[in-house]
Amino acid sequence: MEFDLSQASLQWRDRLQTFFDKEVLPRHRGWAMEVAARGEASFMPELQRKARAGGLWNLALPELAEGEPGTRLSNLDYAPLAEIMGRLFWAPEVFNCQAPDVPNMIALQNCASDEQSAAGCILCLRGRRVRPSA
């Protein structure tokens, strides 16, 4: 099978790699220190705003509806981006691509009622954590 990256995938990979190298990787030591001291990194919301403003938000959701923020990349185009983000276990959160939220968003998109989807999916798409309730 041929798995050459598409031109779009190469462009997305280059954009993400540039952002990762400039904004994410240099903060790894600070992230570790802040999480150890306070349980969270104070700069995460700012990094998320920058990623979203740069169009690097909700990269793993190919079936977004009109008006929902994200790239609508296919799984094949998303794979090299996941490889970059996977270099730091906290990096996917910068781009709202962290587990278990992405699988939860996909489940909401495909299986939830309109009411459930409106309540949960919209919050996840905006980067707020939503956990299933009984």
For residues [X] and [Y]: do they belong to one hydrophobic cluster (side chain heavy atoms under 4.5 Å, members Ile, Leu, Val, Met, Phe, Trp, Tyr)?
X	Y	value
Leu25	Leu81	yes
Val94	Val35	yes
Leu10	Leu76	no

Would you call the rings of Trp31 and Phe89 parallel, tilted or perpendicular, taking 30° and 60° as the class edges?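 Geometry flag for Phe89 against Trp31: perpendicular rings.
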Distance in Å, [X] [atom1] paired with [Y] [atom2], rounded so as to fall on 0.5 Å steps:
X	Y	atom1	atom2	answer
Asn96	Arg52	CG	CZ	8.5 Å
Met85	Arg87	CE	CZ	11.0 Å
Leu88	His28	CG	NE2	5.5 Å

Set of ring-ring contact (aromatic ring centres under 6.0 Å, His included) partners for Phe19, sequence neighbours left out: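 Per chain and number, Phe19 pairs via ring-ring contact (aromatic ring centres under 6.0 Å, His included) with Phe95.
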Among all residues two or more places apart in sequence or in another chain, which pass the ring-ring contact (aromatic ring centres under 6.0 Å, His included) test with Trp12?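 Result, ring-ring contact (aromatic ring centres under 6.0 Å, His included) vs Trp12: none returned.
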Apply side-chain contact (heavy atoms from CB on, under 4.5 Å) to the pair Met44 and Trp90, showing each step before the final yes or no. CA-CA 10 Å; Met44 184 62 77; Trp90 59 272; 3.6 Å; yes
Just grab all the salt bridge (Lys or Arg N to Asp or Glu O under 4.0 Å) pairs involving residues 26-37, residues at least two apart or on different chains.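 Pairs touching residues 26-37 that pass the test: Glu23-Arg27, Glu34-Arg38.
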Closest approach of [X] and [Y], non-hydrogen atoms and distance?
X	Y	value
Leu56	Arg15	CD1-O, 4.2 Å
Ser6	Asp77	OG-OD1, 2.9 Å
Leu5	Pro80	CD2-CG, 3.7 Å

Check whether any side-chain heavy atom of [X] lies under 4.5 Å from a side-chain heavy atom of [Y], and answer yes or no.
X	Y	result
Glu93	Gln48	yes
Leu16	Leu59	yes
Tyr78	Cys97	yes

Taking the side chain from Thr18 and the backbone from Asp14, do they hold a donor-acceptor pair closer than 3.5 Å?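 At least one qualifying donor-acceptor pair exists.
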